[in-house]
Amino acid sequence: MGRVYNFSAGPAVLPEEVLQEIAAEMMDYHGTGMSVMEMSHRSGAFDEIIQTAEQDFRDLLQVPDSYKVLFLQGGAHLQFAAVPMNLMKNRTADYIVTGQWAKRAYMEAQKYGKVNKIASSEDKTYSYIPDCSDLPISKDADYVYICENNTIYGTKFKTLPNTKGKDLVSDVSSCFLSEPMDVSRYAVLYGGVQKNIGPAGMVIAVVRDDLITDDVLPGTPDIMKYKTQADAGSLYNTPNCFCIYVCGKVFKWLKKLGGMEVMKQRNEEKAAILYDFLDSSTMFQGTVRREDRSLMNVPFVTGDKELDAKFVKEAEAAGLVNLKGHRSVGGMRASIYNAMPRAGVEALITFMKKFEEENS
Ligand SMILES: *Cc1c(COP(=O)(O)O)cnc(C)c1O
């Protein structure tokens with residue numbers, strides 16, 4: 001069987017060009033006689049890989065010099081704890097809960113201090129982003145936390161919350177490198193790379209320099225201190241070398257395509273054709289308030305569970321896979337990350353039209 005169109009939310013589709021390069025370098029990376037999986041993280045070859053990856057990432061997002069870029073393990077979940085452990089000087093933080101991942105982070109942070117839920121969209125199954133222009137930000141809050149793109153529900157913050165001068169922390173796992181970002185507006189932003197960048201098992205955290213300190217909560221493991229990781233150049237312990245290597249290839253691919261402005265345009269075009277179809281369809285409906293729609297994750301339903309299941313099954317047989325919605329919401333979800341070609345979205349729409357004709 002050949003390649004399919006993979007609409008998985010994560011781990012997710014990677015650029016074919018990148019996969020082919022990796023395959024070609026598998027037995028002998030640049031004359032070293034070994035694959036990147038087999039080499040020391042202290043070797044010259046790997047040093048070049050990680051340095052280049054960091055520089056390309058910085059170039060893509062125009063990361064200011066006053067921020068560190070860290071390649072960390074433990075997934076986004078470990079950051080749910082690392083953020084309060086490193087940032088909660090007053091043991092207080094404000095969380096905006098727009099979905100399951102934000103809720104997980106909010107629950108985890110409660111182990112470390114007083115955590116306020118200052119806004120939520122739980123009342124309507126997280127199908128919108130609440131108005132965050134004038135929230136009751138706590139006077140002593142160490143930070144305000146958001147999940148910027150809600151992978152499961154398909155919503156995205158189109159404007160960042162007004163934090164009234166407090167530091168903003170953002171989980172950008174599922175919109176990482178999908179469009180330009182103004183890094184200077186964040187204290188910390190981080191994302192698991194398995195959504196829009198690379199293989200599972202790594203997080204990239206971008207942390208403002210003044211937050212990289214020994215002043216962390218008592219009991220914080222050394223490995224979770226941003227300072228430990230920053231001082232060691234993300235090589236405090238053995239990092240996920242292979243993942244850093246693949247991410248580095250994806251950064252080169254993104255640069256070659258033209259960088260973040262071009263990706264934004266491509267992603268907007270891909271999302272627009274799918275949302276336009278959903279808006280005109282009599283069978284399928286999007287589940288998210290129009291102005292809050294994600295460019296990356298597009299949930300939709302027929303309104304009939306059996307028909308949803310039939311759709312997912314028949315789509316899979318047609319080579320359009322992983323379209324089942326998250327188990328907490330049902331229906332369908334098409335994740336259309338950077339590496340999903342426009343042709344994949346077009347194939348999905350063609351299939352949906354055919355399914356609609358056959359089943360109505
Ligand atoms: C997938 C996802 C997570 C969880 O990532 P892990 O790497 O499995 O910990 C957290 N936040 C968001 C926004 C996600 O999409």
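Atoms within a ligand are numbered from 1 in the order they appear, just like the ligands themselves.
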Does any N/O atom on Gln194 come nearer than 3.5 Å to any N/O atom on ligand 1?
->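 Yes, Gln194 has an N/O under 3.5 Å of an N/O on ligand 1.
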_For the 3.5 Å polar cut-off, considering only N or O atoms, please tell me whether Ala76 and ligand 1 meet it._
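It does: an N or O of Ala76 is found under 3.5 Å from an N or O of ligand 1.
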**OP:** Please say whether more than 12 non-hydrogen atoms of neighbouring residues, nucleotides or ligands are located less than 6.0 Å from NZ in Lys89.
**Re:** yes
In ligand 1, the atoms that come under 4.0 Å of a heavy atom of Gly75 are 7 (O), 9 (O)
Ligand 1 atoms nearer than 4.0 angstrom to some heavy atom of Cys147 are 13 (C)
Hits for ring pair (Phe, Tyr, Trp, His ring centres under 6.0 Å) against Tyr226, two or more places apart or cross-chain, chain-then-number order -> none
If we only consider heavy atoms of Gly192, is any one of them less than 4.0 Å away from an atom in ligand 1?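 Gly192 does not count as a contact of ligand 1 under the 4.0 Å cut-off.
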Sub-4.0 Å heavy-atom approach of Gly10 to ligand 1 |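 No, that is not the case, since the closest heavy atom of the residue is not under 4.0 Å from the ligand.
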Taking [atom] as the reference point, the nearest protein heavy atom with its distance:
{"atom": "atom 9 (O) of ligand 1", "answer": "His77 ND1, 2.5 Å"}
{"atom": "atom 11 (N) of ligand 1", "answer": "Asp171 OD2, 2.6 Å"}
{"atom": "atom 1 (C) of ligand 1", "answer": "Lys195 NZ, 1.4 Å"}

Taking the side chain as everything from C-beta on, heavy atoms only, tell me whether Gln79 gets closer than 4.5 Å to Val203.
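The answer is yes; the side chains approach within 4.5 Å.
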_Side-chain donor/acceptor of Ser328 to backbone N/O of His326, under 3.5 Å_ =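 Between the backbone of His326 and the side chain of Ser328 there is no qualifying donor-acceptor contact (under 3.5 Å).
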inquiry  = Heavy atom to atom 15 (O) of ligand 1, shortest distance: which of Val203, Asn297, Ile152, Thr151 holds it?
reply    =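 Selected option, by shortest heavy-atom distance: Thr151.
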Q.
Looking at Phe351, I'd like to know if the NZ or CZ of Lys353 sits under 6.0 Å from its six-membered ring centre while staying within 45 degrees of the ring's axis.
A.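 Geometry flag: not set, cation outside 6.0 Å or 45°.
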Let's go through Asn116 and Ser138 carefully: what are the C-alpha distance in whole Å and the side-chain angles of both, what is the deciding distance for side-chain hydrogen bond (donor to acceptor under 3.5 Å, both in side chains) to 0.1 Å, and is it a yes or a no?
CA-CA 8 Å; Asn116 309 300; Ser138 310; 2.9 Å; yes
Below 4.0 Å, non-hydrogen atoms only: which portion of Ala9 touches ligand 1? Side chain, backbone, both or neither.
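The answer is neither.
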Would you please classify the geometry between the Phe284 ring and the Phe355 ring as parallel, tilted or perpendicular, with 30° and 60° separating the classes?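 Aromatic pair Phe355/Phe284 classed tilted.
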### Query
Mind checking whether Tyr245 and Tyr29 have parallel, tilted or perpendicular rings, split at 30° and 60°?
perpendicular
